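Fair warning: this is a prediction, and the values are worked out from it, not measured in the lab. Numbered from 1 within each chain, the chains take letters A, B, ... in sequence-line order.
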4 protein chains.
Amino acid sequence: MRKVTKAMQVLDEQKRAKILTAAAKLFATQPFHKVLLSDVAEAASVGKGTLYTYFKNKEDLYLSVLYSGFSRLIHCLRDRMDEEAYGPEENMEVVIRETIRFAYQTPHLFEVMRTVPSWGPVERAKWDAKRREFKDLIESIICRGISQGIFIDPHPELTARYIPGFVRSALIDGIETIDREALTDHILRFVKAAITVKEDVC
Amino acid sequence: MRKVTKAMQVLDEQKRAKILTAAAKLFATQPFHKVLLSDVAEAASVGKGTLYTYFKNKEDLYLSVLYSGFSRLIHCLRDRMDEEAYGPEENMEVVIRETIRFAYQTPHLFEVMRTVPSWGPVERAKWDAKRREFKDLIESIICRGISQGIFIDPHPELTARYIPGFVRSALIDGIETIDREALTDHILRFVKAAITVKEDVC
Amino acid sequence: MRKVTKAMQVLDEQKRAKILTAAAKLFATQPFHKVLLSDVAEAASVGKGTLYTYFKNKEDLYLSVLYSGFSRLIHCLRDRMDEEAYGPEENMEVVIRETIRFAYQTPHLFEVMRTVPSWGPVERAKWDAKRREFKDLIESIICRGISQGIFIDPHPELTARYIPGFVRSALIDGIETIDREALTDHILRFVKAAITVKEDVC
Amino acid sequence: MRKVTKAMQVLDEQKRAKILTAAAKLFATQPFHKVLLSDVAEAASVGKGTLYTYFKNKEDLYLSVLYSGFSRLIHCLRDRMDEEAYGPEENMEVVIRETIRFAYQTPHLFEVMRTVPSWGPVERAKWDAKRREFKDLIESIICRGISQGIFIDPHPELTARYIPGFVRSALIDGIETIDREALTDHILRFVKAAITVKEDVC
DNA sequence: TATGAATGAGGATTCATTCAT
DNA sequence: TATGAATGAATCCTCATTCAT
């Protein structure tokens, strides 16, 4: 009777993902209080009750949307970073490029990320941790750059926070009007100009 | 018999302001759906029904809070810009400083920008216009700087979009942990480094 | 300073009438709870507060609409009845004809009359009295007819109640489609057939 | 995943009926705006929210109460008519008797007819159709009577409209004071006298 | 007396959550 | 486990009525 336990688990994971995707799209388009769980259920082709099998409540679903999306991005970035062959400049470029690419591919989800969850401290901690991971990733690149004399930045931990902001600013009402490549190049140039040591060769 | 405009712009402008102020305080502290109109009414020392004399509904009140805040920011920036004594660098500093100050007071402002699309097209147009005003303001500063040989930026219109992003990034879960002055200084330094012409004097 | 007391009284009476007319139109078109006092005030070109100068409250206004309209009809009928030259048959014809004419002229008001006020007993008494006046008027005609051997009716007080019902039935969704003269004739014929002694002349 | 019709016609038909019954009792006793949905819910032993599962809103519930009542009346009349054993006179008696019985139970029915215009055109059409059904039912009885030489009536379609008017007139402020049986008998006698051929046997 | 802005009690409606099936 | 009908607490909003001007 239980022979398909594992298969069911897989099935569940798929359903969970389906819900997350549907929810991400809705949360990205409308403010929290306008997203109805019935809409989410319908969009995910799932019963309303099923949502509660996978998520504790509406807030948990919301946070999970953020969390899973962000995790995916970080995971993706880590993959690229691992190759130590790259120097700080190349890594920084990778981060910015990938973040923009990610934002373009899943604009809904990326938009959601930016929201400040002003709720319970328990769930928030989890989310904060993930965010810090992202920040640390960038920070470490900058620090490495600094130690190599390539970058200069009195507060790398602050700079690390700006990166998502860049991307986000760029996407707001700009997706249609601005060429993606041009945008990416400009952001890259901007960041590099801001933290790269000016090579005053005399 | 004189009919009052449907726009509900008049009546007692002072009372309208009182409500806006009270509402702003509450909306800044809690997310939309946790702010009760009864609380707003009480905070404004006004009857619940009075809110509906000045605003169409809760959403209208919310948008008005943000809109009036944003307008005030732009107005304030314009005032400072007018004094032509200042050069582009000083102006840029003013913009960033004031925007940060504003963002601290109105943390939800940027929240709106994402969800504006889900409101009516009329409201959205109003917002887009205001947003463009803000962008143009910054862009003009950069352009002036460029023409004076102080700044260098291949795409001032893109840079103009980043500024709010900076501020926003800085505020996300950072209000408590980071010294506001330090943050401001760093952003300033960052932006200037990014667009200021490197004076390679040999 | 008080020299225009009487003139003011006249003015007031006009304003009161203006309000009643406006209210009648609205109460006839919509159910009680959908008629807003602000609408009445606007329709009467009067301030909302003014309504309370002339009427105790919404219910009082409603009853006054009924009362004044009904009074006018009764007054009109009495005028015609006074001429004792007419016999019961002619009088009955006058009542029916005039009631229909009245209903056609002020359909709104006439429609309102038919509503059962299910409120306070005090106001209701006044209204009941007026209604009884109307009923008595008709009843007396029938009774006179009976005593003259022209009519036969075991319960004239019941028949008296049917008359408005006839008119009303006829008007419901029928004003446009049915010729008024034909309707009047038919009702007349119907009532007469019902209560006139069948003159079996052998 | 089966979608439920928006018409909200299905679900638990029994529960829907329970709500209708409870609501009917309340709407019969009090005017629309004095009937609270919380009372309806309690009377139906149902949660307040459940009302909205079966009815769009308060008005829809109200109309449904009346509509279902009216439909039941017509259905009931049809059942009786079907038995062809009865002649036009008996049928007319059934109609009047049943209509009076119904009117006692649903005194507000006729209220609706006046205000239907202020509702949407869809609802109105439904009502008009039902009303016509009722009128046709009566008309056909009269016409049959005429063709059998029992009745005489130049305009059966007008007479058909009077019947509800009779009943209504009789009920206005008369429920308490008049014996129902006497009223019924009198109406019956009245109508019969009005349209029955006077058998002048010489 | 006339006005209409202010009021707040009152009630309709929503929607996250539960639970019987 | 999946479902969606049932629930009712929560809250927005209405509108008759008041009262300062």
Side-chain angles (χ1 to χ4, degrees), chain A residues 8-9 11-12 15 33-42 45-61, chain B residues 1-4 8 10-12 15-16 19 33-42 44-59 61, chain C residues 4 8-9 11-12 15 33-42 45-61, chain D residues 1-4 8 10-12 15-16 33-42 45-61:
Chain A
M8 278 170 63
Q9 204 60 29
L11 198 79
D12 287 350
K15 191 167 283 188
H33 72 279
K34 285 203 177 173
V35 175
L36 308 190
L37 289 194
S38 55
D39 290 344
V40 174
E42 191 182 22
S45 306
V46 151
K48 242 189 311 180
T50 308
L51 300 181
Y52 288 83
T53 307
Y54 294 91
F55 304 95
K56 215 172 66 210
N57 51 32
K58 187 180 178 181
E59 180 181 317
D60 182 41
L61 171 60
Chain B
M1 236 54 64
R2 154 179 54 90
K3 295 265 177 57
V4 173
M8 288 177 291
V10 274
L11 298 182
D12 187 346
K15 187 163 288 185
R16 196 187 136 93
I19 294 172
H33 68 282
K34 292 209 173 168
V35 174
L36 308 192
L37 288 195
S38 52
D39 292 344
V40 174
E42 192 179 21
S45 307
V46 151
K48 249 185 303 180
T50 307
L51 301 181
Y52 290 85
T53 307
Y54 291 90
F55 304 94
K56 219 171 61 220
N57 51 34
K58 187 180 177 182
E59 185 172 298
L61 172 58
Chain C
V4 282
M8 278 170 65
Q9 204 60 28
L11 198 79
D12 286 351
K15 192 166 283 188
H33 72 279
K34 284 203 177 173
V35 174
L36 308 191
L37 289 195
S38 54
D39 291 343
V40 174
E42 192 182 22
S45 305
V46 152
K48 242 190 311 180
T50 307
L51 300 181
Y52 288 84
T53 307
Y54 294 91
F55 304 95
K56 215 173 65 210
N57 51 31
K58 188 180 179 181
E59 180 180 317
D60 182 41
L61 172 59
Chain D
M1 234 55 66
R2 153 180 55 91
K3 293 267 178 56
V4 173
M8 287 179 289
V10 274
L11 298 181
D12 187 346
K15 186 163 289 185
R16 197 186 135 93
H33 68 282
K34 292 209 174 168
V35 174
L36 309 193
L37 288 195
S38 52
D39 292 344
V40 174
E42 192 180 22
S45 307
V46 151
K48 247 185 304 181
T50 306
L51 300 180
Y52 289 84
T53 307
Y54 291 90
F55 304 94
K56 219 172 59 221
N57 51 34
K58 188 179 176 181
E59 185 172 300
D60 183 39
L61 172 58

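- OP1 or OP2 of E:dT17 has not a single side-chain nitrogen or oxygen of A:Lys56 nearer than 4.0 Å.
- With contacts defined as side-chain heavy-atom distances shorter than 4.5 Å, the pair C:Lys34/D:Glu59 qualifies.
- Between A:Thr53 and the phosphate of F:dT1, there is no side-chain N or O to OP1/OP2 separation shorter than 4.0 Å.
- The side chain of D:Leu36 has E:dA12 as its nearest neighbour among E:dA12, F:dC12, E:dA16.
- A donor-acceptor contact closer than 3.5 angstrom is absent between the side chains of D:Asp12 and D:Tyr54.
- In this structure, the NZ atom of D:Lys34 is 13 Å from the C1' atom of F:dA16, given to the nearest Å.
- For D:Tyr52, no side-chain nitrogen or oxygen approaches OP1 or OP2 of E:dC15 to under 4.0 Å.
- Toward the 5′ end of DNA chain F lies the nearest nucleotide of D:Thr50, the other residue of the pair D:Thr50 and B:Lys58 mapping further downstream.
- What you find for A:Phe55 and A:Asp60 is that their closest heavy atoms are CA-OD2, 3.4 Å.
- Nucleic acid contact class of C:Val35 (heavy atoms, under 4.0 Å, all strands): sugar-phosphate only.
- Look at CG on C:Leu51: it is 11 Å from P on E:dA2, rounded to the nearest Å.
- For the pair C:Gly49 and D:Leu37, both in contact range of DNA chain E, the more 5′-proximal nearest nucleotide belongs to C:Gly49.
- Distance CG/C:Asp39 to NZ/C:Lys48: 10.0 Å, rounded to 0.5 Å.
- One atom, CG of A:Asp39, and another, P of E:dA16, lie 9 Å apart when rounded to the nearest Å.
- In DNA chain F, runs of at least 3 stacked Watson-Crick or G-U pairs (N1-N3 plus N6-O4 or O6-N4, or N1-O2 plus O6-N3, all under 3.5 Å) give these stems: E:2-21 with F:2-21.
- Between A:Lys58 and A:His33, the closest heavy-atom pair is NZ-CA, 4.1 Å.
- Of the side-chain N and O atoms in B:Lys48, none sit less than 4.0 angstrom from OP1 or OP2 of E:dG8.
- Distance check: B:Thr53 OG1 to B:Arg16 CZ gives 12.0 Å after rounding to the nearest 0.5 Å.
- The side chain of A:Asp12 approaches F:dA2 more closely than any other nucleotide in the set E:dC15, F:dA2, F:dA6.
- The nearest whole Å value for the distance from the CD atom in A:Glu42 to the P atom in F:dA2 is 19 Å.
- Of all heavy-atom pairs spanning C:Val35 and C:Val40, the tightest one is CG1-CG2, 3.8 Å.
- Ranked by how close their nearest DNA chain E nucleotide is to the 5' end, A:Asn57 and B:Lys15 are led by B:Lys15.
- Rounded to whole Å, atom C1' of E:dT13 lies 15 Å from atom CD of D:Glu59.
- For C:Tyr54, taking side-chain heavy atoms from C-beta onward, the closest of the listed nucleotides E:dA2, E:dT7, F:dT7 is E:dA2.
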